[in-house]
Number of protein chains: 2
Amino acid sequence: MQEPRKPQATLELVAERAGVSRATVSRVVNGSDRVKADARKAVEQAIRELNYVPNRAARSLAQGRTNSIALVVPENTAKFFADPYFAKVVQGAAQYVAGTEFMLTLLLSTESDPAKTTRYLQGGNVDGALVLSHHAADRSYADLGSLLPLVYGGRTMSTNQNEIYVVDIDNIAAARQATEVIIAQGRTRLAMIAGPQDMGAGLDRLTGFQQAVHNAGLEPAVIRIGDFTPASGHRIMQQLIESKADFDGLFAASAQMGFGALQALAEAGFKVPADVSVTAVDDDSFARSSTPPLTTIAQFPERQGEIMAELLIKRIQGEQVPEWSIMDTKLVLRDSH
Amino acid sequence: MQEPRKPQATLELVAERAGVSRATVSRVVNGSDRVKADARKAVEQAIRELNYVPNRAARSLAQGRTNSIALVVPENTAKFFADPYFAKVVQGAAQYVAGTEFMLTLLLSTESDPAKTTRYLQGGNVDGALVLSHHAADRSYADLGSLLPLVYGGRTMSTNQNEIYVVDIDNIAAARQATEVIIAQGRTRLAMIAGPQDMGAGLDRLTGFQQAVHNAGLEPAVIRIGDFTPASGHRIMQQLIESKADFDGLFAASAQMGFGALQALAEAGFKVPADVSVTAVDDDSFARSSTPPLTTIAQFPERQGEIMAELLIKRIQGEQVPEWSIMDTKLVLRDSH
DNA sequence: TTGAAAGCGCTAACAT
DNA sequence: ATGTTAGCGCTTTCAA
């Protein structure tokens with residue numbers, strides 16, 4: 001038994017009922033002030049009576065804009081939900097957008113058909129997009145930048161482009177600061193579990209670590225590359241322990257990797273911070289729930305999402321905004337250093 | 001320095017370049033077979049050269065459909081990301097949708113303006129919607145059902161409607177089974193931490209608990225209402241302990257509440273399962289990471305999301321589908337019972 | 001302040 | 001197999 005679908009009221013119906021032209025209805029709907037009070041009242045009542053809602057496709061087509069933006073996450077769904085960082089950024093962006101006329105569409109890039117995302121963005125579905133955490137290999141977005149306004153979360157690896165809008169922390173400084181905390185404990189043999197070297201955050205945090213180590217007149221004891229996940233931190237630390245690597249300090253490029261490393265250290269009987277002093281970047285639930293709780297550099301991903309959305313919408317509305325927005329970070333001292 | 005935006009190629013441009021009519025281009029784009037091979041080839045090349053992507057608003061307007069569906073979560077963003085259940089459902093739905101021509105838009109209902117969601121759905125932005133976990137108070141969606149195809153995750157509380165499509169587990173049976181596990185341990189004084197009583201899952205799991213208790217010739221020892229979160233489970237268990245409630249078994253309506261309760265029990269020095277036998281519904285990360293790991297009834301939210309998406313898309317395409325899809329559950333024995 | 005009319009880019013009869 | 005044409009529902013000049 002197929003239920004009859006109620007026909008959706010159109011602008012024309014409203015116009016008829018209110019005894020005015022479609023143009024006037026359109027003006028009322030769009031808040032123009034060139035409408036007499038009684039005409040406006042008649043229209044508003046007709047709208048209420050007919051439960052009229054403007055058709056968005058028609059509106060988009062007519063005015064060449066959609067009033068919606070996308071948040072693109074070039075990671076698969078599982079990874080997206082496992083990482084508290086993404087959640088926070090989305091929250092921040094969603095909250096900002098909620099206060100505007102725009103809608104936020106979450107675009108998780110599908111493994112099966114990555115081009116689908118690109119087509120979607122290019123197909124005029126959105127007026128702009130926020131792009132999170134993309135790897136260097138992702139050339140797709142670089143080209144999109146000339147088609148519609150983009151704002152990146154975290155610096156991109158593309159160098160040969162102008163007009164790239166980025167909201168990020170100073171990853172080099174953050175890593176340096178986290179490393180200095182370890183050095184201040186008198187540790188001299190520093191290990192690092194770094195992030196993917198095809199991402200800005202991965203590269204920069206490694207650079208910061210190296211700077212701090214060198215500034216202190218030391219050499220890194222050992223550096224390994226992970227993928228920001230707890231599992232990779234755990235695995236790498238196991239390998240380090242197994243190979244009898246000699247270190248008394250550890251800087252993990254993410255709290256998630258730090259969390260995994262801490263587990264591996266505990267399993268092997270090492271005491272933190274007594275045997276190894278540990279710090280990391282990201283002050284998320286992993287940092288708070290590890291044993292011991294991690295000393296970290298906090299970034300504020302919620303705020304980042306908010307700023308990204310704000311910048312994008314301003315760009316869409318033709319305002320000038322700075323290309324680089326560098327957010328402050330904060331050292332959070334807990335028990336692992 | 002405002003970068004010039006490349007003009008997006010239109011169907012008309014493609015037609016000119018390929019030396020055919022717009023209709024033919026449209027046919028090629030939409031995969032009609034009534035096009036000669038060489039015409040098709042010419043069109044395809046023109047499309048490639050111009051990097052043409054169909055404008056979705058225009059297409060929607062012309063054919064009266066959008067090829068996208070929404071996943072509506074009537075919870076705020078924070079709650080959404082904190083609950084592994086939502087994540088799984090989204091994953092399942094996203095995965096299914098990825099294999100179709102449809103796009104999935106995630107609609108987190110905004111605290112600031114709940115009507116925004118409704119307007120969006122009504123404004124012809126999507127061909128249908130998946131609705132998750134809605135409370136009885138949410139009348140908004142009930143009315144939408146007559147405007148566009150809806151598929152609910154978890155049974156709705158509205159009674160006076162026909163044509164309600166629901167994908168759910170048998171919550172009564174699940175709760176009964178979880179309770180019977182405790183009873184089989186010889187426990188006779190059973191407590192329950194129930195879910196919100198304005199949600200189907202909350203109500204039904206309480207009913208199942210009561211059925212099992214009565215079937216065993218017992219009476220419930222104590223029943224408290226939580227909100228499915230770990231914090232509520234923790235708080236309620238603290239109160240129970242404080243008030244010296246007498247029970248040797250506990251059924252929690254969600255693993256998250258079970259997790260919190262387990263913490264409170266441990267803090268008060270109780271041993272599980274020695275002192276209290278505990279089971280719950282939902283086999284999520286909370287169930288696996290609690291101490292001891294929880295014996296639970298597993299539902300399969302990923303599969304649920306998948307089925308929901310499948311049913312919705314079939315309905316949109318005019319197929320008949322059953323109104324009720326009851327998914328199987330599975331008893332997962334761990335160490336808490 | 002209002003209305004008439006011309007599209008926005010596409011699809012879908014209807015012709016041919 | 002292909003082209004012609006009339007819209008889809010709305011906005012937006014342009015006139016009045």
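Nucleotides of DNA chain C with any atom under 4.0 Å from a heavy atom of chain B span, from 5' to 3', C/dG9 to C/dA13.
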Ignoring hydrogens and angles, write down the donor-acceptor pairs under 3.5 Å from the side chains of residues 16-29 of chain A, residues two or more places apart or on other chains.
{"residue": "A/Arg17", "atom": "NE", "partner": "A/Glu49", "partner atom": "OE1", "Å": "2.4"}
{"residue": "A/Arg17", "atom": "NH2", "partner": "A/Glu49", "partner atom": "OE1", "Å": "3.0"}
{"residue": "A/Ser21", "atom": "OG", "partner": "A/Ala23", "partner atom": "N", "Å": "3.3"}
{"residue": "A/Ser21", "atom": "OG", "partner": "A/Thr24", "partner atom": "N", "Å": "3.3"}
{"residue": "A/Ser21", "atom": "OG", "partner": "A/Thr24", "partner atom": "OG1", "Å": "3.4"}
{"residue": "A/Ser26", "atom": "OG", "partner": "A/Asn30", "partner atom": "ND2", "Å": "3.3"}

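Using modelled atom types, no side-chain atom of B/Arg155 and backbone atom of B/Asp168 make a donor-acceptor pair closer than 3.5 Å. Within the 3.5 Å criterion, the main-chain N or O of A/Tyr120 finds a donor-acceptor partner in the side chain of A/Asn125.
In this entry the distance linking CG of B/Asn125 with P of D/dG9 reads 15 Å, nearest Å.
Shown here are the side chain to side chain contact (heavy atoms under 4.5 Å, CB included) partners of B/Arg48, two or more places apart in sequence or in another chain: B/Glu44, B/Gln45. Judged as a side chain to side chain donor-acceptor pair (under 3.5 Å), and not counting sequence neighbours, A/Tyr52 has no contacts. Among residues two or more places apart in sequence or in another chain, the side chain to side chain contact (heavy atoms under 4.5 Å, CB included) test is passed with B/Asp83 by B/Tyr85, B/Phe86, B/Gln256. Under the rule for a side chain to side chain donor-acceptor pair (under 3.5 Å), the partners of B/Glu310 that lie at least two apart in sequence or sit in another chain are B/Lys314. With sequence neighbours excluded, the residues forming a side chain to side chain contact (heavy atoms under 4.5 Å, CB included) with B/Ala201 are B/Asn171, B/Arg205, B/Phe228, listed by chain and number. For A/Thr118, the side chain to side chain contact (heavy atoms under 4.5 Å, CB included) partners two or more places apart in sequence, or in a different chain, are A/Gln122, A/Ser140, A/Leu144. Under the side chain to side chain donor-acceptor pair (under 3.5 Å) criterion, A/Glu306 pairs with A/Arg303, sequence neighbours left out.
Helix bend of the helix from C/dT1-D/dA16 to C/dT16-D/dA1: the angle between its two end axes, each built from five pairs, comes to 30° after rounding to 10°.
Taken residue by residue, residues 52-63 of chain A places heavy atoms nearer than 4.0 Å to DNA chain C at A/Leu61, A/Ala62. Contacts of residues 20-45 of chain B with DNA chain D (heavy atom under 4.0 Å): B/Val20, B/Ser21, B/Arg22, B/Ala23, B/Thr24, B/Arg27, B/Arg34, B/Val35, B/Lys36, B/Ala39.
Note: B/Tyr165 OH to B/Leu311 CG = 9.5 Å, rounded to the nearest 0.5 Å. We find the CZ-CG distance between B/Arg56 and B/Asn67 to be 6.0 Å, quoted to the nearest 0.5 Å.
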